[in-house]
Novice: 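What follows is a structure written as structure tokens; I'll ask about it next.
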Number of protein chains: 2
Amino acid sequence: MTVSAAVKTSDSRERVLDAAEKLFMERGYASVTMRDIANLLGVRQAALYYHAPQGKEQLFREVVDRFMQRQQQGLEDVIAAAPSHLEHQLTAVMRWLVTQSPVDMIRMLRSDASHISESYAAELLRKVDQSMMRPLITVVLAAQERGEIRPLDPHVMVGMLLAVINWIKYFDSSQAISVSTDDMIHDIIGVVLHGVVNR
Amino acid sequence: MTVSAAVKTSDSRERVLDAAEKLFMERGYASVTMRDIANLLGVRQAALYYHAPQGKEQLFREVVDRFMQRQQQGLEDVIAAAPSHLEHQLTAVMRWLVTQSPVDMIRMLRSDASHISESYAAELLRKVDQSMMRPLITVVLAAQERGEIRPLDPHVMVGMLLAVINWIKYFDSSQAISVSTDDMIHDIIGVVLHGVVNR
DNA sequence: GTCTATAGTTCGATAGAC
DNA sequence: GTCTATCGAACTATAGAC
């Protein structure tokens with residue numbers, strides 16, 4: 001048997017999820033219509049129901065699950081590949097994150113989740129925590145144990161890093177600023193590690 | 001003539017804008033329906049068209065304009081009231097910002113703006129820059145000129161501070177973390193000023 | 001200033017041909 | 001796997017009574 005035939009979950013289905021991911025992550029659940037997704041794919045709206053028989057909500061859930069799984073794997077990979085030194089690990093993480101679909105987690109938790117169901121917000125928060133925050137918190141805690149950095153609730157630091165990613169991407173896409181993405185990452189990590197104060 | 005009669009632009013109109021602001025800022029343009037706003041006010045949906053004859057889009061634009069104007073005034077006031085020292089000024093700014101409606105500027109620029117018109121994104125970016133970024137950038141530049149901090153593109157630092165505000169509010173409202181809002185602000189400013197590295 | 005009633009539009013979803 | 005056609009629901013907006 002061929003390898004590809006055994007592994008693949010149908011190519012066109014992946015393409016549907018790709019299109020849905022791009023739009024859902026960028027504009028949010030309510031802003032994106034099934035017609036938007038279909039138009040991006042160059043098919044009719046009804047064709048989406050072959051791939052997602054339970055409709056828009058199923059599509060969103062699968063997009064989120066796949067996205068979070070990919071984030072966790074990607075983060076763990078780049079962290080493992082970097083030297084055990086906070087600066088290198090954070091740089092690797094930030095460089096990986098800016099290459100991914102922009103994910104506005106606050107919007108997902110505060111707005112998107114409310115369109116799915118009451119309990120989905122909690123489930124989503126668990127996924128976000130597990131996939132995106134946990135790997136970074138592990139890195140910060142390890143650096144604390146190595147004595148590289150002072151003790152401090154790692155949530156605060158990780159929140160700062162994740163929050164600023166979307167600004168980097170926005171500055172980059174809107175050309176509202178003349179600094180390159182790599183320079184911004186470098187500056188941000190410089191601030192987080194050593195602060196801005198002259199000494 | 002009475003003072004209040006001369007100044008007020010109708011009380012009920014303000015209440016409409018308050019309700020619209022609360023919902024638009026929290027969930028975004030597409031997620032909020034005219035019925036949601038009317039329900040929050042305890043009136044019927046059609047009643048909103050007395051206050052905003054041009055409908056939902058007008059309501060959103062006026063909410064944004066009023067919000068940005070209030071932000072700019074508030075920021076300038078707390079900055080002016082604080083000593084000319086970066087730590088005090090940033091603390092005052094952060095404490096003010098966490099008391100305001102959560103504003104997801106990235107969502108506004110990337111998602112909400114697309115429902116209004118092509119050109120509104122640029123207009124919105126100008127408002128955000130003028131009202132929220134500019135006052136903070138001024139503070140950072142002044143600290144640089146006083147020699148308090150090293151030179152660095154102020155956009156990066158200001159972006160970090162604005163980005164992390166929503167995480168503070170989210171952590172606070174979801175009780176996902178056991179640190180108080182004031183402690184988080186203190187820690188964040190500590191990180192930005194002095195970094196996390198032991199020395 | 002707010003109401004009821006409703007027109008017009010858009011959306012999510014289903015049925016059935018190919 | 002994708003299409004056309006269409007239904008019912010939800011939404012924005014308007015008309016006119018009070």
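In the text below, chain A, chain B and the rest are named by the order of the sequence lines, each starting its count at 1. The analysis underlying the following values was restricted to heavy atoms, covering all of them including side chains, and did not include hydrogens, waters or symmetry mates.
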Novice: Measure the distance from CG on A/N39 to C1' on D/dT2 and round it to the nearest whole Å.
Specialist: 15 Å
Novice: Give the rounded distance in Å between these two atoms: CG of A/L48 and P of D/dT2.
Specialist: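 About 9 Å, once rounded to whole Å.
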Novice: May I have the distance from B/H51 (atom NE2) to C/dT2 (atom C1'), rounded to whole angstrom?
Specialist: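 Rounded to whole Å, this separation is 8 Å.
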Novice: Separation of B/F60 atom CZ from D/dA13 atom P, in whole Å?
Specialist: 14 Å
Novice: Can you measure B/L23 atom CG to D/dC11 atom P for me and round it to whole angstrom units?
Specialist: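 Value for this atom pair: 13 Å.
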Novice: If I take atom CG in residue A/L17 and atom P in nucleotide D/dG1, what distance separates them, rounded to the nearest angstrom?
Specialist: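 Computing the A/L17:CG to D/dG1:P distance gives 13 Å.
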Novice: If you look only at distance, which donor and acceptor atoms sit under 3.5 Å apart when one is on a side chain in residues 78-93 of chain A and the other is two or more places apart or in another chain?
Specialist:
unit_1, atom_1, unit_2, atom_2, d
A/H85, ND1, A/H88, ND1, 3.4
A/T91, OG1, A/E87, O, 2.7

Novice: Identify every side-chain donor-acceptor pair in residues 43-53 of chain A under 3.5 Å, counting partners at least two apart or on other chains, and give the distances.
Specialist:
none

Novice: Taking protein heavy atoms under 4.0 Å as touching, what does nucleotides 11-18 of chain C look like 5' to 3' if B marks base contact, S marks sugar-phosphate-only contact and - marks none?
Specialist: BBBB----
Novice: Rounded to the nearest angstrom, tell me the gap between atom NE2 in A/H115 and atom P in D/dA10.
Specialist: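 Nearest whole value for this atom pair: 14 Å.
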Novice: If a pair satisfies side chain to side chain donor-acceptor pair (under 3.5 Å) and one of its residues is in residues 103-114 of chain B, list it, with sequence neighbours excluded.
Specialist: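 Applying side chain to side chain donor-acceptor pair (under 3.5 Å) to every pair that reaches into residues 103-114 of chain B, excluding sequence neighbours, yields A/S31-B/S111, B/R107-B/D112.
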Novice: side-chain contact (heavy atoms from CB on, under 4.5 Å) with A/R126: which residues, sequence neighbours excluded?
Specialist: A/E123
Novice: For residues 153-163 of chain B, tabulate all N or O donor-acceptor pairs below 3.5 Å that involve a side-chain atom, not counting sequence neighbours.
Specialist:
unit_1, atom_1, unit_2, atom_2, d
B/D153, OD1, B/H155, N, 2.8
B/D153, OD1, B/H155, ND1, 2.9

Novice: Pick out which of A/Q144, A/R146, A/R150 makes a side-chain contact (heavy atoms from CB on, under 4.5 Å) with A/E148.
Specialist: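 Answer to the side-chain contact (heavy atoms from CB on, under 4.5 Å) test with A/E148 among A/Q144, A/R146, A/R150: A/R146.
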Novice: When the distance from CZ of A/R44 to C1' of D/dT6 is rounded to whole Å, what number comes out?
Specialist: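 It is 15 Å, rounded to the nearest whole Å.
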